[in-house]
K.L.:
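Shown below is the structure under consideration.
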Amino acid sequence: MIHWFQKKNKSANIVIEVTKNDLTINGYEVQLPTHLEVLEKILGRSTQIKSQIHWKELGIFTNPVSPSKINHIEFNVAYNAMSVTSKAEQKPFFTGKIIADGKNVMNRSFKKMKGRMYEVSSFTYTGDRLPCIIGITYNKIYDKRIVRKEVPKDKYVIKPLAEEQIEFEDFGFKLAVIQELMYHQELLKPMFKLSEFVDLYDKRKIDLEEEGYYPILEVTNYFKELPIPKRLASAVTEIYQDGGNKIYLNLLRFGEGWEEYWDIESVGDARQFPKLKKATLCYAKKNIVDELNAMGIDAAWI
């Protein structure tokens with residue numbers, strides 16, 4: 001281990017170099033996703049604060065999926081006035097070099113470098129010109145190291161059910177049910193993957209990098225038309241909405257969690273799920289929580 005990493009205020013000696021497909025820290029190759037131990041061998045011992053991993057003395061942190069699956073690294077490069085912590089508590093800031101595609105992006109404003117295996121983004125406080133945080137994030141879609149299995153061309157061709165299906169009156173409620181049955185319990189097949197759907201769609205070319213900031217009509221229609229067998233209704237005992245749910249990430253490539261496209265507007269569909277006892281919501285109209293509670297369903301905002 002390089003011992004000077006253990007001293008305070010030494011981030012000025014750290015050089016991050018990132019290209020579309022490569023990432024190095026002081027010359028050491030790092031392949032995201034990575035294990036915490038790999039980063040600690042380079043950066044020194046970390047500290048866990050709630051769900052985040054910090055190298056506080058270096059101004060570096062991450063919010064890992066697990067200690068063995070770190071997908072992104074972030075650098076506090078300047079005071080963030082939106083933070084609940086004071087400027088003194090945020091110090092020391094990262095003062096090293098972050099070289100993206102041959103250019104040092106420290107202390108400069110730049111657009112997100114996307115459409116690559118290692119995306120580089122900046123977070124700028126409203127009213128400021130320069131970023132307070134610079135992030136490097138692994139994007140699996142563009143990982144050329146992954147050998148992908150051939151996907152059947154008709155994977156997302158919707159076929160009629162030979163059994164009774166649930167008829168929904170509220171699209172937002174249907175999406176919450178799909179999250180539970182498709183992504184949580186994995187009972188509803190096929191599991192939808194946005195990148196696959198786009199690759200297989202042959203009616204027109206869908207450009208995720210251009211169109212991924214708003215709902216894509218063809219993707220939305222797929223979920224509207226997707227039949228759900230009535231026999232699966234009894235498997236739904238809880239619905240849990242979160243901006244990070246896979247259903248919403250597959251509906252909107254660059255979603256930020258504040259969208260209202262998928263708000264539950266009525267509770268009528270809840271009557272079709274006799275074992276539904278709990279609902280945690282973030283995409284719903286204000287009256288929905290009270291109405292679900294009145295039906296005997298323990299409902300609350302996230």
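What you see is a predicted model; the values in this text were computed from it and never measured.
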K.L.:
Looking at Arg204, Lys203, Lys205, which one forms a salt bridge (Lys or Arg N to Asp or Glu O under 4.0 Å) with Glu218?
P.N.:
Arg204
K.L.:
Passes side-chain contact (heavy atoms from CB on, under 4.5 Å), Val151 versus Lys193? Steps please.
P.N.:
CA-CA 11 Å; Val151 181; Lys193 296 180 181 180; over 6 Å; no
K.L.:
Please check if atom OH in Tyr213 has more than 12 non-hydrogen atoms from other residues, nucleotides or ligands closer than 6.0 Å.
P.N.:
yes
K.L.:
Who are the side-chain hydrogen bond (donor to acceptor under 3.5 Å, both in side chains) partners of Ser109, not counting sequence neighbours?
P.N.:
none
K.L.:
Give me the ring orientation class for Phe173 and Phe273: parallel if the planes are under 30° apart, tilted from 30 to 60°, perpendicular past 60°.
P.N.:
tilted
K.L.:
Counting only heavy atoms not in Gln52 (residues, nucleotides, ligands), do more than 12 fall under 6.0 Å from its CD?
P.N.:
yes
K.L.:
Between Asp170 and Ile264, is there a donor-acceptor pair closer than 3.5 Å when you use the side chain of the first and the backbone of the second?
P.N.:
no
K.L.:
Tell me which one of Tyr261, Phe192, Trp262 satisfies ring-ring contact (aromatic ring centres under 6.0 Å, His included) with Tyr248.
P.N.:
Trp262
K.L.:
Who pairs with Ser46 by side-chain hydrogen bond (donor to acceptor under 3.5 Å, both in side chains), at least two apart in sequence or on another chain?
P.N.:
Glu40
K.L.:
Please report, to 0.1 Å, the donor-acceptor pairs under 3.5 Å made by any side chain of residues 291-300, with sequence neighbours excluded.
P.N.:
unit_1, atom_1, unit_2, atom_2, d
Glu291, OE2, Asn287, ND2, 2.6
Asn293, OD1, Ala299, N, 3.0
Asn293, ND2, Val289, O, 3.1
Asn293, ND2, Ala299, O, 3.1

K.L.:
Would you call Glu163 and Arg231 a salt bridge, taking side-chain N to carboxylate O under 4.0 Å as the test?
P.N.:
yes
K.L.:
Is there a path of hydrophobic side-chain contacts, each under 4.5 Å between heavy atoms of I, L, V, M, F, W or Y residues, that connects Leu130 with Ile99?
P.N.:
no
K.L.:
Does Tyr142 have Lys20 sitting over its ring (NZ/CZ under 6.0 Å from centre, angle to axis within 45°)?
P.N.:
no
K.L.:
Applying side-chain hydrogen bond (donor to acceptor under 3.5 Å, both in side chains), name anything that partners Gln185, two or more places apart in sequence or on another chain.
P.N.:
Glu180
K.L.:
Taking ring-ring contact (aromatic ring centres under 6.0 Å, His included) as the test, write out the residues that go with Tyr201, two or more places apart.
P.N.:
Phe197
K.L.:
With hydrophobic residues grouped by side-chain heavy-atom distances under 4.5 Å, do Ile98 and Leu23 end up in a single group?
P.N.:
yes
K.L.:
For the hydrophobic clusters of this structure (ILVMFWY residues joined by side-chain heavy atoms under 4.5 Å, transitively), does one cluster hold both Val219 and Tyr214?
P.N.:
yes
K.L.:
Counting heavy atoms not belonging to Lys275, are there more than 12 under 6.0 Å from its NZ?
P.N.:
no
K.L.:
Decide if atom CD of Glu37 counts as having more than 12 heavy atoms of other residues, nucleotides or ligands within a radius under 6.0 Å.
P.N.:
no
K.L.:
Please lay out, stage by stage, how Lys277 and Thr237 fare under the test side-chain contact (heavy atoms from CB on, under 4.5 Å).
P.N.:
CA-CA 6 Å; Lys277 300 300 180 186; Thr237 60; 5.5 Å; no
K.L.:
Count I, L, V, M, F, W, Y as connected when their side-chain heavy atoms are under 4.5 Å apart, and connections chain through other members. Are Val15 and Ile136 then in the same cluster?
P.N.:
no
K.L.:
If you compare all heavy atoms of His54 against all heavy atoms of Phe61, which two are closest, and at what distance to 0.1 Å?
P.N.:
ND1-CB, 3.7 Å
K.L.:
Should Arg116 and Asp101 count as an ion pair when the cut-off is N to O under 4.0 Å?
P.N.:
yes
K.L.:
Quick one: does NZ or CZ of Lys114 land under 6.0 Å from the six-membered ring centre of Phe254, within 45 degrees of the ring axis?
P.N.:
yes
K.L.:
Which distance, rounded to the nearest 0.5 Å, do you find between the OG1 of Thr24 and the CD of Gln31?
P.N.:
12.0 Å
K.L.:
Does Ile228 form a side-chain contact (heavy atoms from CB on, under 4.5 Å) with Gln165? I'd like the steps, not just the answer.
P.N.:
CA-CA 5 Å; Ile228 300 179; Gln165 67 184 59; 5.9 Å; no
K.L.:
Any chance NZ of Lys155 has more than 12 other-residue heavy atoms, nucleotides or ligands included, within less than 6.0 Å?
P.N.:
yes
K.L.:
Between the side chain of Asn139 and the main-chain N/O of Met117, is any donor-acceptor distance below 3.5 Å?
P.N.:
no
K.L.:
Taking atom CD of Glu209 as the centre, report whether more than 12 heavy atoms of other residues, nucleotides or ligands fall under 6.0 Å from it.
P.N.:
yes
K.L.:
Go through Asp263 and Ile288 one step at a time and tell me if the side-chain contact (heavy atoms from CB on, under 4.5 Å) criterion holds.
P.N.:
CA-CA 10 Å; Asp263 279 1; Ile288 297 301; over 6 Å; no
K.L.:
Which residues pass the side-chain hydrogen bond (donor to acceptor under 3.5 Å, both in side chains) test with Asn107, sequence neighbours left out?
P.N.:
none
K.L.:
If you round to the nearest 0.5 Å, how far is CE of Met106 from CZ of Phe75?
P.N.:
9.0 Å
K.L.:
Grouping I, L, V, M, F, W and Y whenever their side-chain heavy atoms are under 4.5 Å apart, do Tyr240 and Phe223 come out in a common cluster?
P.N.:
no
